[in-house]
Amino acid sequence: MAKKIAVLAGDGIGPEIVAEAVKVLSFLNTDMALGLSFETALVGGAAYDAFGTPLPQQTLNLCKNAEAVLLGAVGGPKWEALPHAVRPERGLLSIRSELNLFSNLRPAILYPQLVGASTLKPEVVSGLDIMIVRELTGGIYFGQPRGIRLLENGEQQGFNTLVYNESEIRRIAHSAFKTAQKRHKKLCSVDKANVLEVTELWRQVVTEVGKDYPDVQLSHMYVDNAAMQLVRAPKQFDVIVTTNMFGDILSDIAAMLTGSIGMLPSASLDANGKGMYEPIHGSAPDIAGQGIANPLATILSVAMLLRYTLNQPEAAERIEQAVNTALDAGARTPDIYSDGTTQVSTSGMGDAVLNALKG
Ligand code: NAD
């Protein structure tokens, strides 16, 4: 039976970049007889417009029944005034929690061809290859109680809850240690244990789990220092594991080290390796519909899908190699363009990768 891939293009540049990623995956599906089938569904603002909810039941069912989910991005100004419960981003958070995708892998790799696109000096970033493991279904983005309430003195008060159970910390720690074992065996756990009791527990549990992985060198760092170290000397890191909100922020910093947010993929995995794969950037409403978005983050997300869910490392490497070849040939979307290279459109970049795959 064909293995189903749920394709959720979403909003803004989502449909444009996902089309290129599907183009690449479809080619490999035929070329390597991967036995995949594709089924599309609405999510985010597009789903709200059609069904009044950012995550219709049929979309959720498709995600649950599929081997993996390939997602573009959601959100945009059109839906910003909606109540929180039906905002596009809520659709994404719901998929993550409904599918129990607690482990978010976010690589930040600087391609040698793009050293000049980073805002940092070449000697600080060249050769950069970090993996951020972000806890994705807990912490302050999900903690209850939450809301905005009216105090007795008439003043409004906003509140959220940062909460982690021991078991939630334990499973993300295992995921991070295993990831480190496959890389350079260095894990840095990022917390704010000097101020937040919840991350004091985080540090304690990560340290305990570390006893099962004596081959991995574990260190701890406060989040404010980690933010600073990421821009001061990012190559000191191999794998970073951290909470949902800290990971959200740190991975965007790491993204910028690589020059463009349009280059970075991500995987969100459950305990069995099932996952949702998406670029780390948003729906980029400022450039949507212009055919200039960089599709490489989404194409590289397909490579992660092949590696982590479908167990097809050879197919994953072919995509990564093809991206390298396209960059070597000088193909650049505007976000990574520099003198001496060739500016291409979103589909032009997809074609450059496809041509490299075809050899
Ligand atoms: P964004 O990532 O969409 O855009 C930030 C900047 O990066 C913009 O200037 C944009 O043009 C540029 N950019 C992003 N992706 C690019 C690409 N592939 N190629 C070239 N340039 C690219 O972040 P934002 O502007 O803060 O958010 C826009 C919308 O996206 C909001 O509604 C936000 O909530 C949503 N969002 C969604 C996700 C997601 O779907 N996972 C993540 C972040 C933000």
Side-chain angles (χ1 to χ4, degrees), residues 7-21 42-49 54-55 59 63 69-82 84 86-97 99 101 104-106 108 111 114 117 119 134 136-137 141 244-245 247-268 275-302 304 323 327 331-338 343-350 353:
V7 179
L8 314 184
D11 309 315
I13 59 170
E16 301 165 51
I17 53 179
V18 164
E20 299 313 308
L42 294 177
V43 71
Y48 177 82
D49 287 347
L55 182 60
T59 301
C63 293
V69 181
L70 176 64
L71 183 112
V74 298
K78 184 177 173 194
W79 304 282
E80 262 163 23
L82 290 173
H84 273 279
V86 289
R87 284 219 193 137
E89 293 76 6
R90 196 45 48 195
L92 260 197
L93 295 180
S94 302
I95 297 181
R96 289 171 183 166
S97 60
L99 270 63
L101 306 176
N104 185 214
L105 306 191
R106 293 186 167 210
Y111 285 82
L114 301 182
T119 46
R134 166 188 170 196
L136 203 58
T137 52
Y141 291 177
N244 201 343
M245 183 166 67
D248 192 3
I249 298 165
L250 293 182
S251 58
D252 268 21
I253 297 178
M256 211 46 235
L257 302 178
T258 70
S260 171
I261 202 166
M263 291 297 298
L264 295 179
S266 77
S268 307
M276 177 158 78
Y277 297 83
E278 55 181 314
I280 73 156
H281 58 73
S283 59
D286 53 333
I287 57 166
Q290 297 175 36
I292 58 170
N294 186 344
L296 291 180
T298 319
I299 291 172
L300 290 165
S301 299
V302 166
M304 291 188 89
V323 167
L327 291 173
R332 301 282 191 276
T333 41
D335 55 309
I336 52 174
Y337 175 76
S338 59
Q343 194 158 313
V344 296
S345 64
T346 305
S347 63
M349 185 60 101
V353 175

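Keep in mind that what you see is a predicted model, and the values were worked out from it rather than measured. Every heavy atom of this structure was used, including side-chain atoms; hydrogens, water molecules and symmetry mates were not. Start at 1 with the first residue, then count along the sequence. Whatever order the structure lists ligands and atoms in, that order sets their numbers, starting from 1.
- When side chains are defined from C-beta on, V43 counts as touching L71, because their heavy atoms get closer than 4.5 Å.
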Show me the donor-acceptor pairs, under 3.5 Å and distance only, between side chains in residues 282-290 and residues at least two apart or in other chains.
unit_1: S283; atom_1: OG; unit_2: G75; atom_2: O; d: 2.7
unit_1: Q290; atom_1: NE2; unit_2: D286; atom_2: O; d: 3.1

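- Taking a cutoff of 4.0 Å between a charged side-chain nitrogen and a carboxylate oxygen, E278 and R96 qualify as a salt bridge.
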Give one line per pair: atom of ligand 1, protein atom, distance. Only N/O to N/O under 3.5 Å.
unit_1: ligand 1; atom_1: 2 (O); unit_2: G282; atom_2: N; d: 2.7
unit_1: ligand 1; atom_1: 3 (O); unit_2: G282; atom_2: N; d: 3.4
unit_1: ligand 1; atom_1: 3 (O); unit_2: S283; atom_2: N; d: 3.2
unit_1: ligand 1; atom_1: 3 (O); unit_2: A284; atom_2: N; d: 2.8
unit_1: ligand 1; atom_1: 9 (O); unit_2: D286; atom_2: OD2; d: 2.9
unit_1: ligand 1; atom_1: 11 (O); unit_2: D286; atom_2: OD1; d: 2.8
unit_1: ligand 1; atom_1: 11 (O); unit_2: D286; atom_2: OD2; d: 3.0
unit_1: ligand 1; atom_1: 15 (N); unit_2: H281; atom_2: ND1; d: 3.3
unit_1: ligand 1; atom_1: 18 (N); unit_2: H281; atom_2: NE2; d: 3.1
unit_1: ligand 1; atom_1: 18 (N); unit_2: N294; atom_2: O; d: 3.0
unit_1: ligand 1; atom_1: 19 (N); unit_2: N294; atom_2: N; d: 2.9
unit_1: ligand 1; atom_1: 30 (O); unit_2: S283; atom_2: N; d: 3.1
unit_1: ligand 1; atom_1: 30 (O); unit_2: S283; atom_2: OG; d: 3.2
unit_1: ligand 1; atom_1: 32 (O); unit_2: G76; atom_2: N; d: 3.0
unit_1: ligand 1; atom_1: 32 (O); unit_2: E89; atom_2: OE2; d: 3.2
unit_1: ligand 1; atom_1: 34 (O); unit_2: E89; atom_2: OE2; d: 2.4
unit_1: ligand 1; atom_1: 40 (O); unit_2: V74; atom_2: N; d: 2.9
unit_1: ligand 1; atom_1: 41 (N); unit_2: E278; atom_2: OE1; d: 3.3

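- A 4.5 Å side-chain heavy-atom check between V74 and W79 finds every atom pair outside the cut-off.
- The existence of a salt bridge linking K78 and D11 is excluded, since no basic side-chain nitrogen approaches an acidic carboxylate oxygen closer than 4.0 Å.
- For the pair M304/L105, a side-chain contact is recorded, criterion being any heavy-atom separation below 4.5 Å from C-beta on.
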